[in-house]
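Note that the coordinates shown come from a computational prediction; the quantities given were computed from them, not determined experimentally. Below, read A as the first sequence line, B as the second, and so on, with proteins coming before strands; counting in each chain starts at 1.
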There are 2 protein chains.
Amino acid sequence: MSPHPKLADTFQILETHGDHPIECPVRDVLARIGDKWSVLLIAALAGEPRRFGALDRAIPDISKRMLTQTLRGLERDGLVERNVFPTKPPSVEYRLSPLGQRLLDPLCVLIEWADEHHASIAMARERFDKPPRP
Amino acid sequence: MSPHPKLADTFQILETHGDHPIECPVRDVLARIGDKWSVLLIAALAGEPRRFGALDRAIPDISKRMLTQTLRGLERDGLVERNVFPTKPPSVEYRLSPLGQRLLDPLCVLIEWADEHHASIAMARERFDKPPRP
DNA sequence: CGGTATCCCGAGGGATACTG
DNA sequence: CAGTATCCCTCGGGATACCG
């Protein structure tokens, strides 16, 4: 009996199927949200659309380079929509697409798990890093 | 009104708090599961404990080096337990800790999202990559 | 069987300066 | 304001060989 039958099944999806080892669509979706900034940006856009500068200020430790690049990636994947208003100076608004919004719940579950258990993890690390026995 | 108040709140957790920009515990938990192999290994251990060699065979495209390294990382974080049986030749069993098992549900939700929507994402990418207008 | 030890490469990503 | 363009460097991770 599996302690978690659903994910044990789901693992079949993650395993390399057939002979092509890299052709797993779930893996590259995970790769996207696994990069350094994507989840942070999605979270920053969860509440409302925001402009480039507003995102830059909301996440102070991102560079403009990575901000642009990550937003482009999310836009390419259809998770974020980009709207340009031809004002002077130009203003560009980013908002979650419907697809992006459907990602919020899974992310929320994950982030809550992380928030609840990061203390346990920190303790586990300390234990592990202790000099075993002098 | 926020379309997703809970995560909009949760985003406060992700924002750099105080003056120390990197000191966000949730971020490094995400960094762990964001690496190339951790989720795959957790999924592989969801059903039952497995030995080193079994994991190697279950995930054919991982190297022994990364298998060891990722397992160590998961063990360090207290997500995986490692048991050595002093047989000859030695056998080592890896199993999810209780903490690791509590991560299964969040992961499952995420993986199911990815499985359901990867087709939409693939289509969005094709559209985005089309030469805009000749 | 279950790992270490090395070597090495490319991509991810930071810093800075420039532009429409 | 909202980006590009460069330069540069770390480091995740693959390949290979060896070990108790």
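A/Leu79 and B/Leu110 fall within a single hydrophobic cluster, where Ile, Leu, Val, Met, Phe, Trp and Tyr side chains are chained together by heavy-atom contacts under 4.5 Å. No continuous path of hydrophobic side-chain contacts links B/Val109 to A/Leu107 [ILVMFWY only; heavy atoms under 4.5 Å]. In the hydrophobic clustering of this structure, A/Phe85 does not group with A/Val80; members are Ile, Leu, Val, Met, Phe, Trp, Tyr whose side-chain heavy atoms approach within less than 4.5 Å, directly or through other members. In the hydrophobic clustering of ILVMFWY residues, with side-chain heavy atoms under 4.5 Å counting as a link, A/Met66 and A/Ile33 come out together.
Distances shown here put every side-chain N or O of B/Arg51 at or beyond 4.0 Å from the OP1 or OP2 atom of C/dC1. Between A/Tyr94 and D/dG3 there is a side-chain N or O to OP1 or OP2 distance below 4.0 Å. Look at B/Arg82 and you'll find a side-chain N or O under 4.0 angstrom from OP1 or OP2 of C/dG3.
Distance A/Asp56 CG to C/dA15 P: 13 Å, rounded to the nearest Å. Whole-Å rounding puts the B/Lys64 NZ to D/dA17 P distance at 12 Å. In this entry the distance linking NZ of B/Lys36 with C1' of C/dC9 reads 13 Å, nearest Å. Nucleotide C/dG20 holds its P atom 17 Å from the CZ atom of A/Phe52, rounded to whole Å. Atom CG in B/Leu40 sits roughly 12 Å away from atom P in D/dG13 (whole-Å rounding). B/Ile62 has its CD1 atom 15 Å from the P atom of C/dG2, to the nearest Å.
Within residues 66-77 of chain B, the residues having any heavy atom under 4.0 Å from DNA chain C are, by residue number, B/Thr68, B/Arg72.
Taking 4.0 Å as the cut-off between side-chain N and carboxylate O, A/Asp56 and A/Lys64 do not count as a salt-bridged pair. Using a 4.0 Å cut-off between charged nitrogen and carboxylate oxygen, B/Arg32 and B/Asp35 count as a salt-bridge pair.
With hydrogens and angles disregarded, no donor-acceptor distance shorter than 3.5 Å links the side chain of B/Arg82 to the backbone of B/Glu75.
The residue among A/Pro90 and B/Ser63 whose nearest nucleotide of DNA chain D lies closer to the 5′ end is A/Pro90. Projected onto DNA chain C by closest heavy-atom contact, A/Asp35 and A/Pro89 fall at different nucleotides, the more 5' of which corresponds to A/Asp35.
Put simply, the side chain of B/Arg65 and the base of D/dT16 share no donor and acceptor less than 3.5 Å apart.
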